[in-house]
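I'd like to ask you about the structure that follows.
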There are 2 protein chains.
Amino acid sequence: MRITYKGDYALKTILKLSINYGKVLSIHKLAKDLDIPVKFLEQILLELKRVGFVKSRRGKVGGYFLARHPSKIMLGEIIRFVDGPIEPIACINDNYRGCNDMYRCIFRDLWKKITEQTSKIVDNISFEDLRRRFTDKKFLAYTI
Amino acid sequence: MRITYKGDYALKTILKLSINYGKVLSIHKLAKDLDIPVKFLEQILLELKRVGFVKSRRGKVGGYFLARHPSKIMLGEIIRFVDGPIEPIACINDNYRGCNDMYRCIFRDLWKKITEQTSKIVDNISFEDLRRRFTDKKFLAYTI
DNA sequence: TTATACTCTACTATATTAATAGAAATTGTA
DNA sequence: TACAATTTCTATTAATATAGTAGAGTATAA
Ligand code: FES
Ligand code: FES
């Protein structure tokens, strides 16, 4: 698993929308607060909208808001959607040319184990959990 | 952590040299058995040599062999050398522009935890362990 | 009507990945 | 010594992924 800038931006955006659940935030506001290039965030939000993580409202007081409650959005969902599979190597899912015999590959079990451990983290933490961490720890100075 | 083809090739090459510890194997032989493009493997082996994982012998009966005993080479060493840090995101090490305040970032602890768990696997398995797995499980059909 | 905001398609620049090419140097052996 | 097999070294390239940028169009509240 590798988190790109795009993924990082997406996660922070969903987190900010979770913290502000119920409100509608504009791309401009999100981009400014999170220090993300506006036009890049625009694209990311459109993708997140198409697959149903967020909804939007156009016009004067428009903006974005979560389509589901933060407790129903898992960290792993966003990661997988934006940055792809969490596996450390493609061969577990895709047709990987690297292995002579993928059913006997010594490394395969290791990649699986790493994948399982990673999944146990990212698929069991919701954005509600993250939001709570945020408020509990009183990250007052943090702009998110 | 993401394992590229280059990393995959390097790991399999070191494993094959571990299984054949004591022998000298030519690039040609390694490339053919492991199904790796010869000229690509050539480059990988040169890098592995420069940093001291393998040694070589030129000339007629030349080839490559391990510079240390397989028990002294950890999986994580090769991964890090060929494919870089095992962290899922660069911000833990490098200067990452993504975070407004990296000391308060909610995600940071998660990336650290994932890194630690991954390290616990790749930094505690030597190529001697992998070689033993190979022979124990009697992967007779496997060409490695 | 207008200002503000989302929508959509296309384009671009840079870096990474996965090789490929070819000439030079070394070494065992016939 | 000649030669064949092998490593060494530097450069180049093709394809893909990453991280944006540009601009015209559509919707909505006031
Ligand atoms: S490396 Fe994935 S099956 Fe071999
Ligand atoms: S994502 Fe790494 S410090 Fe925020």
Side-chain angles (χ1 to χ4, degrees), chain A residues 1-13 17 23-32 34-51 53-65 67 79 81-85 88-91 94 96-98, chain B residues 1-13 17 23-32 34-51 53-65 67 79 81-85 88-91 94 96-98:
Chain A
M1 182 177 72
R2 204 183 120 233
I3 309 294
T4 64
Y5 272 90
K6 189 179 175 185
D8 182 44
Y9 293 161
L11 294 175
K12 283 169 183 162
T13 300
L17 290 175
K23 291 184 201 163
V24 176
L25 304 183
S26 73
I27 296 178
H28 188 78
K29 164 84 174 157
L30 287 164
K32 194 187 152 203
L34 300 174
D35 196 30
I36 302 171
V38 179
K39 296 296 278 183
F40 196 15
L41 182 57
E42 182 187 304
Q43 281 192 46
I44 296 169
L45 279 167
L46 277 174
E47 288 184 42
L48 289 171
K49 183 190 172 179
R50 281 188 196 113
V51 82
F53 288 117
V54 301
K55 290 183 176 175
S56 66
R57 224 173 104 182
R58 291 167 82 149
K60 189 113 186 191
V61 291
Y64 283 89
F65 53 98
I79 292 175
F81 174 66
V82 177
D83 281 335
I89 188 168
C91 62
D94 304 344
Y96 190 72
R97 313 187 316 278
Chain B
M1 180 177 73
R2 205 182 120 234
I3 309 294
T4 65
Y5 272 90
K6 189 178 176 186
D8 183 44
Y9 294 161
L11 294 175
K12 283 169 182 160
T13 301
L17 291 175
K23 291 184 200 162
V24 175
L25 304 183
S26 73
I27 295 178
H28 188 79
K29 164 84 173 156
L30 288 165
K32 194 187 152 204
L34 300 175
D35 196 30
I36 302 172
V38 179
K39 297 296 277 185
F40 196 14
L41 182 57
E42 182 188 305
Q43 281 190 47
I44 295 168
L45 279 166
L46 276 174
E47 289 183 42
L48 289 171
K49 184 190 171 178
R50 280 188 197 113
V51 81
F53 287 117
V54 301
K55 290 183 176 175
S56 67
R57 224 173 102 182
R58 292 168 83 150
K60 189 115 186 186
V61 291
Y64 283 89
F65 53 98
I79 293 175
F81 175 66
V82 178
D83 281 336
I89 188 168
C91 63
D94 304 343
Y96 190 72
R97 311 190 316 280

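Throughout, a chain's letter reflects where its sequence line sits, starting with A, and its residues are numbered from 1.
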>> Expressed as a whole number of angstroms, how long is the span from B:His28:NE2 to D:dT6:C1'?
In response: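 That distance rounds to 11 Å.
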> Would you call A:Glu47 and A:Arg50 a salt bridge, using N to O less than 4.0 angstrom?
Replying inline: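 Here A:Glu47 does not pair with A:Arg50 in a salt bridge, since their nearest N and O are not under 4.0 Å apart.
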> In whole angstroms, how far is the P atom of C:dA5 from the CG atom of A:Leu25?
Replying inline: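 A:Leu25 atom CG is separated from C:dA5 atom P by 12 Å.
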> OP1, OP2 of C:dA5 versus side-chain N and O of A:Lys29: anything below 4.0 Å?
Replying inline: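 For C:dA5, neither OP1 nor OP2 has a side-chain N or O of A:Lys29 closer than 4.0 Å.
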>> So, under a plain 3.5 Å distance rule, would you say the side chain of A:Arg58 forms a donor-acceptor pair with the base of D:dT26?
In response: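 Check passes, donor-acceptor contact within cut-off.
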> Can you check whether B:Ser56 has a side-chain N or O nearer than 4.0 Å to OP1 or OP2 of D:dT8?
Replying inline: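 True: B:Ser56 side-chain N/O within range (under 4.0 Å) of D:dT8 OP1/OP2.
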> Do B:Leu30 and B:Leu45 have side-chain heavy atoms sitting under 4.5 Å apart?
Replying inline: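 Yes - at least one pair of side-chain heavy atoms lies under 4.5 Å apart.
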> With a 4.5 Å limit on heavy-atom distance, are the side chains of B:Asp83 and B:Met1 in contact?
Replying inline: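 They are not in side-chain contact.
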>> With a 4.0 Å cutoff (strictly under), does any side-chain N or O of B:Tyr9 reach OP1 or OP2 of C:dA18?
In response: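 No, outside the criterion.
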>> At 4.0 Å (heavy atoms only), tell me whether B:Leu45 reaches a base, stays on the sugar-phosphate, or touches nothing.
In response: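 If one applies the 4.0 Å heavy-atom cut-off, B:Leu45 turns out to touch nothing in the nucleic acid.
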>> Quick check on DNA chain D: between B:Gly63 and A:Gly7, whose nearest nucleotide comes earlier from the 5' end?
In response: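 That would be B:Gly63.
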> If each of B:Asp83 and A:Lys60 is mapped to the nucleotide of DNA chain C with the nearest heavy atom, which maps nearer the 5' terminus, i.e. the 5' end?
Replying inline: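 Residue closer to the 5' terminus by nearest nucleotide: A:Lys60.
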> Rounded to the Å, how far apart are B:Lys39 NZ and D:dT12 P?
Replying inline: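 My rounded result for the distance is 15 Å.
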> Expressed in angstrom and rounded to an integer, what is the separation of A:Gln43 atom CD from C:dT7 atom C1'?
Replying inline: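 So the two atoms are 11 Å apart, to the nearest Å.
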> D:dA17 P sits how many Å from A:Lys6 NZ, rounded?
Replying inline: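 Taking NZ of A:Lys6 and P of D:dA17, I get 12 Å after rounding.
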> Considering only heavy atoms from C-beta outward, does the side chain of A:Leu48 approach that of A:Phe81 to under 4.5 Å?
Replying inline: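 Heavy-atom side-chain distance check passes, below 4.5 Å.
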> Nearest-Å distance, CZ (B:Arg57) to P (D:dT8)?
Replying inline: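 For the pair B:Arg57 CZ and D:dT8 P, the rounded distance is 13 Å.
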>> If you assign each of A:Val38 and A:Gly59 to its closest nucleotide in DNA chain D, which residue comes earlier from the 5' end?
In response: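 Result: A:Val38.
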> Looking at B:Thr4, does any N or O in its side chain come under 4.0 Å of the phosphate oxygens OP1/OP2 on C:dA18?
Replying inline: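 Checking C:dA18 against B:Thr4, a side-chain N or O does come within under 4.0 Å of OP1 or OP2.
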>> If you only use heavy atoms from C-beta on, which nucleotide in C:dC8, D:dT8, C:dC6 is closest to the side chain of A:Ser26?
In response: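 Within the option list, the nearest is C:dC6.
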> To the nearest Å, how far apart are A:Glu42 CD and D:dA22 P?
Replying inline: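 Going from A:Glu42 (CD) to D:dA22 (P), I get 12 Å.
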> With a 4.0 Å cut-off on heavy atoms, is B:Gly62 in touch with a base, just the backbone sugar-phosphate, or nothing at all?
Replying inline: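 Sugar-phosphate only.
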>> Just N and O in the side chain of B:Tyr64: are any of them under 4.0 Å from OP1 or OP2 of D:dT8?
In response: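 Indeed, a polar side-chain atom of B:Tyr64 lies that close.
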> Is the shortest heavy-atom distance from the side chain of A:Tyr64 to the side chain of A:Leu46 under 4.5 Å?
Replying inline: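 They are in contact (side-chain heavy atoms under 4.5 Å apart), so the answer is yes.
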>> How many whole angstroms separate atom CG of B:Leu46 from atom P of D:dT6?
In response: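 Distance check: B:Leu46 CG to D:dT6 P gives 16 Å.
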